[in-house]
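Read through the structure below, which is laid out as structure tokens, and then see the notes.
Both ligands and their constituent atoms are indexed starting at 1 by order of listing.
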Amino acid sequence: MDHFLYRNGALHAEDVALADIAATVGTPFYCYSTATLTRHYHLFTEALSPLPHMVCFAIKSLSNLAVLKTLGDLGAGMDVVSGGEYLRAKAAGVPGSRIVFSGVGKTREEMRLALGGGIRQFNVESEPEMRALSEVASSMGVIAPITVRVNPDVDARTHEKIATGKKENKFGIPIARASEVYAEAARLPGLEVIGIDVHIGSQLTELEPFEQAYLKVADLTHRLRAEGHDIRRLDLGGGLGIPYERSNSAPPLPLEYGALIKRTVGDLGCEIEIEPGRLISGNAGILVSRVIYVKEGEGRDFLILDAAMNDLVRPSMYGAHHDIVPVVEPEPAIEAQPYDVVGPVCETGDTFAKARPLPPLAEGDLVAFRSAGAYGAVMASEYNTRPLIPEVLVKGDHFAVIRARPTFDEILNRDTIPEWL
Ligand SMILES: *Cc1c(COP(=O)(O)O)cnc(C)c1O
């Protein structure tokens, strides 16, 4: 459920008409709903209660400071995968004690940054990383709390680019080698082993792969405890999928996911951590764009929008589907017609949808891409020197620009022409 609904024939974000935002900030733009972000965060906390737990929002899915502050103020932790994301979490007012550092290639500078500013734990992904972290922590006279990310060799049955839990993926250490790796971690002077971490992929639409992975984590918890490790926290990753197509069957709900967690690892006496990104941010955001031209083609019409692949890359990168809806509600009786929905970028890959049935649209009409909150703005680029598009946050009947569109001067001034040229 989200808060982008038609009211009196006009698509709204909560109580604000999107056409009003478009008139103020121009198109294209991203728009996020505070009520939807809040609701999704609470779905997870409710699903995990009464287990001791922390829901750490995966910043990489949507990293605007205003969004992070919205969630942080509710008590959310943050899952970061770079020094930059760590600084975002801190800038949004989230204390280090609620920040988890994930990622396969943390640098020593990033480790120093997080150890200096405070950190809940590092999710370590390899032995070389473990040794580096121990060295950095020792040199600073501190101890780094860690979990080790294990790779359970489970098929997440999702898009190959976002499956992370098979043994051929670059993530984590093979679960079969866990005893050895944990033994080394325990010997390293700068580390304190506190738990286990697992994350098998993104946009999972079934619970089965989670179940397989979490059962393996439960086994491993017993084994590592028997080997003398004080396993007291389990980080179970993110990855729960969202319905991108309203018409399709729905992925499992957070409540069902929570029940699965309780069933598989709930009686181990561990604090549970999860790192959802997409399920919190995905349906909390839309991308609003204007039709520049309708071009008649052979056997199809092209809807040429002012948004392009550089603004929302998921369709061209993952072949992803986004529902597209007109901002003015169509009459119920109106007959849909197929459009190829494209952007202005000079690549055939700049296609959002082929033969998409839509009500008849004309130049100047506004459309909205639904479910664009996650992996939307954060993956945008300025390809074709198209300025990064603004982000807007709505709360009730008010809205604010939370990232402004850069001017062309700002863009051009980032380049320098050497004086010898
Ligand atoms: C990407 C990622 C997440 C979030 O995944 P979602 O599918 O957005 O929930 C969580 N943890 C780690 C380690 C990740 O890499």
Suppose I only count heavy atoms of Pro276 and a 4.0 Å limit; which atoms of ligand 1 are within that range?
9 (O)
So do Asp197 and Glu275 actually touch side chain to side chain, heavy atoms under 4.5 Å?
yes
Within the structure, does Arg278 bring an N/O atom to less than 3.5 angstrom of an N/O atom in ligand 1?
yes
Where Asn283 and Asp2 come nearest, the two heavy atoms and their spacing
O-CB, 3.3 Å
Does Leu279 have a heavy atom less than 4.0 Å from any atom of ligand 1?
no
Can you name the atoms of ligand 1, numbered from 1 with element, that are less than 4.0 Å from a heavy atom of Asp79?
10 (C), 11 (N), 12 (C)
Under 4.0 angstrom from ligand 1, any heavy atom of Tyr375?
yes
Gln121 side chain near Glu273 side chain, heavy-atom distance below 4.5 Å:
yes
Please compare Lys60, Glu275, Glu125 and report which has the shortest non-hydrogen distance to atom 14 (C) of ligand 1.
Lys60
Ring-face cation contact, Phe29 with Arg403, 6.0 Å cut, 45° max
no
Closest by any non-hydrogen atom to atom 4 (C) of ligand 1: pick that one out of Ala156, Gly241, Ser202, Ala58.
Ala58
Gly237 heavy atom under 4.0 Å from ligand 1:
no
More than 12 heavy atoms of other groups within 6.0 Å of Ile411 CD1
yes
Starting at CG of Asn413, measure out to OG1 of Thr407 and round the result to the nearest 0.5 Å.
7.5 Å
Test your reading of the structure: does Gly277 have an N or O sitting under 3.5 Å from an N or O of ligand 1?
yes
Tell me if the OH atom of Tyr6 is crowded by more than 12 foreign heavy atoms within 6.0 Å.
yes
